[in-house]
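What you see is a predicted model, and the numbers here were worked out from it, not measured in a lab. Chain letters run A, B, ... following the sequence lines, proteins first, then strands; residues in each count from 1.
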Amino acid sequence: MIVRSRFAPSPTGSMHIGNLRTALYAWLYARKTKGVFILRIEDTDRERSTDQAIQVILDSMQLLNLTYDEGPFYQTKRMDRYREITDQLLKTGHAYRCYCSKERLEALRADQMKNKQKPRYDRCCRDLKEKKEGSFVARFRTPDEGSIKFDDGVRGLVEFQNSELDDLVLVRSDGVPTYNFAVVVDDVDMKVTHVIRGADHINNTPRQINIFNALGMRPPIYAHLPMILGNDGKRLSKRHGALGVLQYREEGILPAALLNYLMRLGWSHGDQEIFSMEEMIEFFDFNKLQKSPATFDPDKLSWLNQHYLKTLPTEVVAKELQWQMDQKQIDMSGGPLLAEVVRVQAERCKTLNEMAEKSRYFYEEVTQYDEQAASKHLTPDIKPVLQEIATQLAQLPAWEKEAIHQVIIAVSEAHQLKLGKVAQPIRVAVTGNTISPPIDETLALIGREKTLKRLQRAMIYK
RNA sequence: GCUCCCUUCGUCUAGUGGUCUAGGACGUCGCCCUCUCACGGCGGGAACAGGGGUUCGAGUCCCCUAGGGAGCGCCA
């Protein structure tokens with residue numbers, strides 16, 4: 001059997017990391033089994049679905065390189081098919097017309113809640129003999145007895161009593177199918193073999209299996225992934241800092257880090273923390289997933305991100321950094337190679353956004369000093385030292401790190417100053433602040449012309 | 001309220017009846033390295049939710065309690 005898994009988001013909210021992890025696992029499983037990965041947009045909620053949200057989903061998938069083999073399919077383009085199946089179910093008696101008004105249903109629900117009962121449809125229209133006038137919905141005739149069992153990839157054997165289930169609406173009064181119905185029809189038509197989705201769908205599963213049964217089709221294999229919680233223990237939402245995938249790019253989180261973090265959240269492979277894409281595909285398995293929900297930890301994501309900033313080839317990171325520089329409209333002409341900047345900055349940055357901000361002085365003029373730094377380090381008595389360094393640097397035959405280092409050492413010794421006493425003033429002069437990579441490295445990257453200019457400027461400070 | 005599910009350091013987890021005086025990672029604290037910031041190195045503190053069983057033996061099996069999660073829509 002060829003595995004066919006799908007990711008089926010609804011374009012109603014942002015593509016947050018919960019969705020992303022679902023997509024990742026469904027994708028990994030397809031890749032691991034050399035199966036087919038399908039993207040399907042569940043846009044039957046006409047009120048809330050937006051084209052913009054669809055675009056975000058598409059962009060997110062592309063950004064993380066979660067390639068799909070089929071799709072994207074849109075449910076709104078399959079209305080004829082849903083109608084066809086609806087007629088079939090109506091004809092076979094597995095579904096029936098319900099004429100109850102929304103008002104009646106609301107009152108019914110309110111009443112049940114008040115009496116501390118489980119809110120559900122009272123099956124008022126279930127046995128109506130003839131068709132009535134007016135608008136109606138199609139409801140599913142849920143079996144009265146028995147239970148639905150399925151072997152969940154994550155949770156093992158799961159069982160629901162049919163008596164707990166409602167006669168759910170299959171088709172709205174405007175003819176648009178509801179989620180539970182459309183999913184089944186789509187999964188049948190798209191020959192989906194593995195349904196991998198969030199645990200919030202586990203209660204829907206028996207309803208859907210009943211529909212499969214009514215259609216005479218075999219249900220797929222299910223795997224319900226545990227939820228991701230915010231740090232307040234509540235289900236993750238925008239409110240809890242659950243940023244969209246695209247926002248992580250803006251923050252400067254590498255796709256590799258995001259994927260690695262999500263992979264490891266609620267899943268493990270012994271004590272291993274770092275996984276390449278190949279390893280993720282090789283090691284992934286549902287039975288290693290945790291059953292309980294996991295809390296999202298931004299700190300660990302940051303750590304992973306820095307790990308990748310440090311270990312990925314500098315050119316690869318540089319490409320991402322370029323994007324940040326473009327966003328910030330930093331003019332890079334005449335500055336060092338970005339890969340060089342990455343080489344010296346990776347170990348001092350958690351994100352690419354931070355790296356871009358901390359690297360401005362390689363490209364932009366230093367127009368003002370951090371006040372505290374300047375008053376502490378750009379003192380009158382250091383100016384002769386700076387002058388001497390400037391003079392010697394100007395005469396250097398080649399502008400390279402080692403030679404620069406020697407100049408600074410020599411001048412420091414000549415003035416009987418510790419290296420730190422000299423390095424900090426230089427650092428303030430060329431970066432405007434007290435923080436930068438090693439001073440020789442920093443000057444080497446900034447370049448001779450800019451370095452000398454900045455040293456001169458520092459000497460006329462105050 | 002009802003149904004279902006879950007419960008190891010602050011967080012992510014290892015652990016499938018003896019090898020657990022419970023291991024790793026992030027974070028945190030201390031020390032070292034050091035021209036700043038970092039990186040790195042070394043070390044510390046930190047958990048089997050509680051109570052009953054079963055067993056020679058329980059983090060591991062069973063039950064109860066507590067806590068948490070999901071669902072109960074003409075949302076997905």
For A:Lys291, answer base if it contacts any base atom (sugar-phosphate contacts may also be present), sugar-phosphate if it contacts only those atoms, and nothing otherwise; contact means non-hydrogen atoms under 4.0 Å. sugar-phosphate
Whole Å only: how far is the CG atom of A:Asp200 from the C1' atom of B:rC72? 14 Å
P atom, B:rG69 versus B:rG27: distance in rounded Å? 27 Å
Can you measure A:Leu229 atom CG to B:rG67 atom C1' for me and round it to whole angstrom units? 13 Å
Is it the case that the side chains of A:Asp144 and A:Asn162 hold a donor-acceptor pair, with the cut-off being a distance below 3.5 Å and no angle test? no
Indicate, with a heavy-atom threshold strictly under 4.0 Å, whether A:Arg48 touches base, sugar-phosphate, or nothing. base
Just by distance, no angles: are the side chains of A:Gln55 and A:Asp59 close enough, under 3.5 Å, to form a donor-acceptor pair? yes
Distance-only side-chain donor-acceptor flag, A:Arg197 / A:His224, under 3.5 Å: yes
What about A:Phe7 and A:Phe37, are their ring centers closer than 6.0 Å? no
In whole angstrom, give me the gap between the C1' atoms of B:rU21 and B:rA25. 22 Å
Need one value for A:Ile439: base, sugar-phosphate or nothing, where a base atom within 4.0 Å counts as base even if backbone is also close, heavy atoms only. base
Side chain to side chain contact (heavy atoms under 4.5 Å, CB included) against A:Asn204, all qualifying residues, sequence neighbours excluded: A:Tyr179, A:Asn180, A:His201, A:Arg207, A:Gln208
Round to a whole Å and report the spacing from CZ of A:Arg120 to P of B:rG73. 10 Å
Selection residues 401-421 of chain A - residue pairs positive for ring pair (Phe, Tyr, Trp, His ring centres under 6.0 Å), sequence neighbours left out: none
With the side chain defined as heavy atoms from C-beta on, A:Arg109 is closest, among B:rG69, B:rG1, B:rC74, to B:rC74
B:rG59 versus B:rG50 - spacing of their P atoms, nearest Å: 11 Å
Nearest-nucleotide pick for A:Ser292, side chain only, options being B:rU7, B:rC74, B:rC39: B:rU7
Rounded to whole Å, please give me the gap between CG in A:Asn287 and C1' in B:rA14. 15 Å
Nearest-nucleotide check on RNA chain B, A:Thr434 vs A:His269; residue mapping nearer the 5' end is A:His269
Taking only residues two or more places apart in sequence, or in another chain, which ones meet A:Thr379 in a side chain to side chain donor-acceptor pair (under 3.5 Å)? A:Asp381
A:Ile202 CD1 to B:rC6 C1': how many Å, rounded? 11 Å
When all nucleic acid strands are considered with a 4.0 Å heavy-atom cut-off, which category describes A:Pro437: base, sugar-phosphate, or nothing? base
Counting any heavy atom closer than 4.0 Å, what does A:Lys310 reach on the DNA or RNA strands: base, sugar-phosphate only, or nothing? sugar-phosphate
Output the rounded distance in Å from CD (A:Glu103) to P (B:rG73). 17 Å
How far, in whole Å, is B:rC9 from B:rC29 if one measures between their C1' atoms? 15 Å
Go through the structure and list residues passing side chain to side chain contact (heavy atoms under 4.5 Å, CB included) with A:Asp87, not counting sequence neighbours. none
Have a look at B:rC39 and give me syn or anti from its glycosidic angle (syn if within 90° of zero). syn
Under 4.0 Å between any heavy atoms, over every strand shown, what does A:Thr44 touch: base, sugar-phosphate, or nothing? Just pick one. sugar-phosphate
A:Ser173 has a side chain; which of B:rC74, B:rC39, B:rG1 sits nearest to it? B:rC74
So what does A:Ser268 hit on the nucleic acid, given a heavy-atom distance under 4.0 Å: a base, only sugar-phosphate, or nothing? sugar-phosphate
My understanding is that a pair needs two contacts under 3.5 Å, Watson-Crick or G-U wobble. By that rule, which nucleotide pairs with B:rU7? B:rA66
Heavy atoms only, 4.0 Å cut-off, all strands: where does A:Asp440 land among base, sugar-phosphate and nothing? base
P gap between B:rU54 and B:rG67, integer Å: 28 Å
Anything under 3.5 Å between a protein N or O and an N or O of nucleotides 24-26 of chain B, put it in a table, one pair a line.
| unit_1 | atom_1 | unit_2 | atom_2 | d |
| --- | --- | --- | --- | --- |
| B:rG24 | N2 | A:Glu273 | OE2 | 3.1 |
| B:rA25 | O4' | A:Glu273 | OE2 | 3.3 |
| B:rC26 | OP1 | A:Trp303 | NE1 | 3.4 |
| B:rC26 | O2' | A:Lys300 | N | 3.3 |

Going by side chain to side chain donor-acceptor pair (under 3.5 Å), name the residues that satisfy it together with A:Thr142, two or more places apart in sequence or in a different chain. A:Asp167
A:Arg155 CZ to B:rA70 P, straight-line distance once rounded to whole Å: 11 Å
Rounded to the Å, how far apart are A:Lys114 NZ and B:rC2 C1'? 18 Å
Counting side-chain heavy atoms from CB outward, which of B:rC72, B:rU36, B:rC74 is closest to A:Arg139? B:rC74
In whole angstrom, give me the gap between the C1' atoms of B:rC48 and B:rG10. 16 Å
I'd like the C1' distance from B:rG51 over to B:rA46, given in whole Å. 25 Å
Counting the atoms with a prime plus P, OP1 and OP2 as sugar-phosphate, which does A:Glu164 contact under 4.0 Å by heavy atoms, base, sugar-phosphate, or nothing? sugar-phosphate
Does A:Asn204 reach a base, just sugar-phosphate, or nothing at all? Heavy atoms under 4.0 Å. base
Among B:rA76, B:rA14, B:rG71, which nucleotide has an atom closest to any side-chain atom of A:Arg207? B:rG71
State the pairing partner of B:rU21; accept Watson-Crick or G-U wobble contacts with both distances under 3.5 Å, and report none otherwise. none
Under 4.0 angstrom, heavy atoms only, what part of the nucleic acid is A:Gln345 near: base, sugar-phosphate, or nothing? nothing
Give none if B:rC33 has no partner; otherwise give the nucleotide forming a Watson-Crick or G-U wobble pair with it, both distances under 3.5 Å. none
Looking only at B:rC74, B:rG1, B:rU13, the nucleotide nearest the A:Thr178 side chain is B:rC74
Over all strands shown, is A:Val169 touching base, sugar-phosphate only, or nothing at heavy-atom distances under 4.0 angstrom? sugar-phosphate
Work out how far the P atom of B:rG68 is from that of B:rG73, and round it to whole angstrom. 23 Å
Heavy atoms under 4.0 Å, any strand shown: does A:Lys116 hit a base, just sugar-phosphate, or nothing? sugar-phosphate
Can you confirm if the aromatic rings of A:Phe136 and A:Tyr99 lie within a centre distance of less than 6.0 Å? yes
Would you mind telling me which residue lines up with the more 5' stretch of RNA chain B, A:Gly266 or A:Ala199, judged by nearest nucleotide? A:Gly266
Using both distances under 3.5 Å as the test, list the Watson-Crick or G-U wobble partner of B:rC74, or none. none
Scan every strand shown for a Watson-Crick or G-U wobble partner of B:rG59, both distances under 3.5 Å, and answer none if you come up empty. none
When all nucleic acid strands are considered with a 4.0 Å heavy-atom cut-off, which category describes A:His224: base, sugar-phosphate, or nothing? nothing
Aromatic contact between A:Phe140 and A:Phe181, with the criterion being ring centroids under 6.0 Å apart: yes or no? no
Out of B:rC37, B:rU13, B:rU3, whichever nucleotide has its closest atom nearest the side chain of A:Arg348: B:rC37
Taking atom types as modelled and ignoring hydrogens, do the side chains of A:Thr351 and A:Glu251 form a donor-acceptor contact shorter than 3.5 angstrom? no
